[in-house]
Asker: 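I have a structure I would like to understand better, so I am pasting it below and will then ask my questions one at a time.
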Amino acid sequence: MREKEKMRHAVSVHLRGVKALHQVSPRFFPVLTLYSFFEAIAPYVAVFFSAQILKELAVLRRADVLWKWVIAGVLCIGVTSVLKAVLWRRYQTLFDDLYGRKEILFIHKMFSLDFSELDKQENHDLRAQIRQNENWSGWGLMRIPYVYRNFVSGVIGILSGIALTVSLFTSPVPDTAGRLTLLNNPIFILILAALMAAVSILAGKFSAAAEKLWSSGAEMATFGNRVFSHFGYIGKAKERSVDIRMNEQENLVRAYWRSDSAFGVHGLFGKMARGKMGVYASLGACITTLIIGTIYVFTCLKAWGGAFDVGSITQYVGAATAMVSNIVDLIGLMGTMESNAVFLDKAFEFLDIPNAMYQGSLTTEKRSDRQYEMEFRDVSFRYPGSESWALRHVNLKFRVGSRLAIVGENGSGKTTFIKLLCRLYDPQEGEILLNGIDIRKYRYDDYRNLFSVVFQDFQLIAQPLGANVAGSMEYDRARARRALIDAGFGERLETMEKGLDTMLYKELSEEGVDISGGEAQKIAIARALYKDAPFIILDEPTAALDPIAEAEIYSKFDGIAGDKTAIYISHRLSSCKFCDEIAVFQEGRVVQRGSHDELVADEGGKYYQLWNAQAQYYKTESGKQAWEKHCFV
Ligand code: ADP
């Protein structure tokens, strides 16, 4: 991109950022504008009143006017300072608040994103990068308040500076001053004003060049931050503590804390600070001092010639010095904006990920008879970016109230089948029908609400037990209790003093309780029951349990599921023996269907082979007894 285009792009992404942040925090920018205004005029107010008071003291010596200037000065400087202080507090509070509110933009995007996009590793990486950039010197959206504040105070400052310095140029040196009257020549004034502007711009350019260097190290910084956020907190993770201690993993971690890593003294940024970046910053500072020196000389010469008094010298020198620093900062800000644009692009790349999934408008009738029929018609599916089919020509039909088991070896496509059924993905070929209508034609939320799923990697959160079950802070307590009891959590619930209000896990409360894997799984099942959806799916949430405990849970669940359609997934055939129908998956295809008895009778079939292979595990006496009790009775 050419320099001009780059700047134009930087301005446009920053404006977009202001708009986006304003949406989530409408009070932030009005407060910041007011604060920046008072911040900008404060030095000029002080300079103006000091000049007037000095003028009265040194030249005019009118006591009655002097005390009025003193009172007015104290009042104006005082009011400006108080307002600045009050607004600064307010700004700080809103800034901290903005940090959380800005997350709304990302969270909203995450929730509204097509699952297929959300599931992509590259999008997770992008989100992680954005967060890391934000943590690292606050690049990205959180840099916008800084840019906005400096822009507003820069512009207001320059305008105030012009107002207070105009008469520096227009007050003529009297003819009695001899050669110094040369300073009255408009060409001389024009050249000086142009020189001042040009040199301020040059100083600003140096400052901008120093700022721009940050973006050249963006990739390195992002990686550095990634390392930092991973290894910096690695010791904090409870589940890692044993491994770290026993395997002395801190040696591996330490290898990353070298002085030549991104943020180390000898790293990229350390080198830049000692090299180019430092040189640019120093050059900028030198030039700024030169301009201020020139202003001093010009002002003093005019005053020497009699153009104005000592009070005005204070005003002109003070105002011009402040104005030069405003100009330098404003131009330097262009560098910050160009650097930040690179990081903002990343944020908007994520926020702009398009949703390609078709969203229909049909409502899924809330049928009291729960008469739903699902059909997979010649469905084939490939994960985005994958060459191989995860499901191939799947045909399957099941009616409400039935118990369907999906069995097969790992990687045979069982979970993928569920993901398609819940419309987390759309198939590339074939169609999935609900009561004869393609599921794409239904409203997405409506359709998704037909399913309660307990996935293998279900997640509970550090919130009260009841809220976890209901998925909401306000809920029907009796229903939540019932669901927990049905899921087999009743006894444990009795032992909890605070019952449904017991906080799970200790992350947010010291009173939180740590629960075992088995208990967590029961809560997850209770959550599925609470939802009371017509379809209930257990996708191997019991994989961590032994096969017998799993079989027990599955057969008990059969009773709890009542008139709902239940789909069980397991690679352990014993768990699903009681189902009306079993579909056997192999390499993404349904290779067999039927009841357990039918399937086990087919000696040439996959089911027979799997069944016999698994039965081998239970040949010990105690295992055999339990096995027979649960599977063959
Ligand atoms: P199962 O549940 O039977 O163990 P899956 O449905 O999880 O099997 O996987 C079926 C196939 O799809 C496997 O080959 C697996 O590697 C692949 N697969 C699963 N999830 C993804 C994904 N998110 N991206 C790419 N391939 C995937």
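Given the structure is predicted, the values throughout are model-derived calculations rather than measurements. Counting starts at 1 for both ligands and their atoms, following the listed order.
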Asker: Which residues pass the side chain to side chain contact (heavy atoms under 4.5 Å, CB included) test with R482, sequence neighbours left out?
Answerer: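 Side chain to side chain contact (heavy atoms under 4.5 Å, CB included) check on R482 returns I485, D486.
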Asker: For ligand 1, would you mind listing the residues that have at least one heavy atom less than 4.0 Å away, ordered by chain and number?
Answerer: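 Lining ligand 1 at under 4.0 Å, by heavy atoms, one finds D119, Y383, A390, E409, N410, G411, S412, G413, K414, T415, T416.
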Asker: Cut-off 3.5 Å, no hydrogens considered: what does the side-chain donor-acceptor table look like for residues 465-473, sequence neighbours left out?
Answerer:
residue : atom : partner : partner atom : Å
N468    : OD1  : I461    : N            : 3.0
N468    : ND2  : I461    : O            : 2.8
N468    : ND2  : Q463    : O            : 3.1
N468    : ND2  : P464    : O            : 3.4
S472    : OG   : E474    : N            : 3.1
S472    : OG   : E474    : O            : 2.7

Asker: Listed by chain and number, what are the salt bridge (charged side-chain N to carboxylate O under 4.0 Å, His left out) partners of E409, not counting sequence neighbours?
Answerer: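 Applying salt bridge (charged side-chain N to carboxylate O under 4.0 Å, His left out) to E409 gives K606.
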Asker: Decide, yes or no, whether a salt bridge links E103 with R127 under the criterion of side-chain N to carboxylate O below 4.0 Å.
Answerer: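 Yes.
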Asker: How are the rings of H596 and Y607 set to each other: parallel, tilted or perpendicular (split at 30° and 60°)?
Answerer: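 Perpendicular.
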Asker: Indicate the ring-plane relationship of Y383 and F381, choosing parallel, tilted or perpendicular according to the 30° and 60° boundaries.
Answerer: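 Rings of Y383 and F381: perpendicular, over 60°.
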